[in-house]
Amino acid sequence: MFSKRRLILTGFTVVLMAALGACGSGGGPQDGDAGGGEVQERAPVTPTVHGLRDTVRHVAAKTVRATRPHLVKKCASATRQVKHTARTGSGTSKKTRTWYSTEHYQKCGKVRSGTETYTRVVRQERWCVSLNDVDGDTSRDAVWYQVTRATYNEAAAADRLDPLKFTPVTTGCNQ
């Protein structure tokens with residue numbers, strides 16, 4: 001049989017391994033590593049940019065009318081057999097009595113009932129600003145940035161070639 005000391009040592013080892021596993025010490029994913037050797041891509045961080053205001057552009061949202069199946073909730077009465085048991089007695093003289101009853105319930109589900117029309121957004125609304133001399137580099141002109149509505153309003157109120165500084169949502173302004 002196991003000695004008391006050996007049992008304690010085994011228990012301590014198990015607890016230690018669990019603690020190290022929970023802490024993720026060693027062998028876990030490192031910077032940019034998703035485990036298994038795959039490098040996980042990170043969302044690009046767009047720093048604050050500054051330059052001279054060139055142009056602003058508002059790209060309106062584009063929507064279309066579309067149809068989809070109209071689903072309605074339909075319920076029907078249903079029954080199921082339920083088994084009941086009761087035990088009586090003690091020791092060697094135990095008896096089990098079994099009986100069944102019928103339970104009534106509502107069985108519901110979604111069913112298609114024609115179609116419905118809805119508005120589908122094909123292109124999201126965007127606000128864009130073009131800068132010249134981005135970050136002081138005179139060769140970087142007409143660089144487009146997608147910005148928030150508040151930043152767009154500030155840029156639209158500014159005169160052309162006025163200095164602007166903002167943090168863009170993303171680079172580019174695809175139409």
Side-chain angles (χ1 to χ4, degrees), residues 14-80 103-175:
V14 169
V15 170
L16 182 63
M17 287 175 58
L20 289 175
C23 293
S25 65
Q30 301 298 319
D31 272 330
D33 185 10
E38 295 180 22
V39 176
Q40 187 179 22
E41 290 198 30
R42 297 178 186 208
V45 178
T46 311
T48 301
V49 295
H50 65 275
L52 304 177
R53 178 198 179 274
D54 187 13
T55 329
V56 294
R57 179 187 300 159
H58 174 242
V59 181
K62 185 176 180 182
T63 60
V64 294
R65 302 288 285 165
T67 58
R68 61 183 169 208
H70 179 67
L71 301 175
V72 294
K73 186 176 180 182
K74 186 175 182 180
C75 296
S77 295
T79 60
R80 62 178 155 233
E103 182 181 86
H104 296 274
Y105 68 98
Q106 290 285 315
K107 187 176 184 178
C108 298
K110 290 196 172 192
V111 295
R112 184 177 173 167
S113 175
T115 58
E116 64 183 0
T117 305
Y118 71 103
T119 303
R120 184 166 58 96
V121 178
V122 178
R123 180 184 63 210
Q124 293 290 333
E125 185 175 25
R126 290 191 299 273
W127 299 274
C128 302
V129 176
S130 173
L131 292 181
N132 288 336
D133 300 343
V134 177
D135 294 332
D137 185 354
T138 55
S139 64
R140 291 184 64 197
D141 288 342
V143 180
W144 284 98
Y145 295 100
Q146 189 174 330
V147 296
T148 62
R149 186 175 188 166
T151 304
Y152 170 83
N153 289 338
E154 290 174 19
D159 291 330
R160 191 170 185 282
L161 300 178
D162 274 358
L164 289 178
K165 183 177 183 180
F166 56 84
T167 302
V169 174
T170 185
T171 57
C173 186
N174 301 330
Q175 289 195 3

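We find that Arg140 and Asp133 are not joined by a salt bridge, their nearest charged nitrogen and carboxylate oxygen being 4.0 Å or further apart.
Although no hydrogens or angles enter the test, the distance criterion places no donor-acceptor pair under 3.5 Å between the side chain of Arg160 and the main chain of Thr55. Between the side chain of Arg53 and the main chain of Ala155, a donor-acceptor pair closer than 3.5 Å is present. For the pair Asn132 (side chain) and Thr138 (backbone), a donor-acceptor distance under 3.5 Å is absent.
A donor-acceptor pair shorter than 3.5 Å cannot be found between the side chains of Glu103 and Thr79. There is no side-chain donor-acceptor pair under 3.5 Å between Arg120 and Thr63.
Among all heavy-atom pairs drawn from Ala158 and Leu164, the shortest one is CB-CD2, 4.3 Å. In terms of heavy-atom proximity, Pro69 sits nearest to Glu116 at O-OE2, 4.2 Å. Of all heavy-atom pairs spanning Pro47 and Pro168, the tightest one is O-CD, 3.6 Å. Summarising the geometry of Ser130 relative to Ala142, their closest heavy-atom pair is OG-CA, 3.4 Å, with the distance given to 0.1 Å. Between Val147 and Val129, the shortest heavy-atom distance links the atoms CG2-CG2, 3.8 Å.
No more than 12 heavy atoms of other residues, nucleotides or ligands sit less than 6.0 Å from atom CD of Gln124.
Within the model, atoms CD of Glu154 and NZ of Lys165 stand 13.0 Å from one another, a figure rounded to the nearest 0.5 Å. Atom NE2 of residue His50 and atom CG of residue Asp135 lie 5.0 Å apart, to the nearest 0.5 angstrom. Once rounded to the nearest 0.5 Å, the distance linking CD of Gln146 with CZ of Arg57 reads 11.0 Å. Rounded to the nearest 0.5 angstrom, Cys75 SG and Lys107 NZ are separated by 11.5 Å. In this structure, OG in Ser113 is found 15.5 Å from NZ in Lys73, a value given to the nearest 0.5 Å. Interatomic distance, Trp144 CH2 to Leu131 CG, rounded to the nearest 0.5 Å: 9.5 Å.
Taking the side chain as every heavy atom from C-beta outward, Thr151 and Tyr145 never approach each other to under 4.5 Å. Using a 4.5 Å heavy-atom threshold, the side chains of Gln106 and Ser77 count as touching. You'll find the side chain of Val72 reaches within 4.5 Å of the side chain of His70, heavy atoms only. Taking the side chain as every heavy atom from C-beta outward, Arg65 and Thr119 approach each other to under 4.5 Å.
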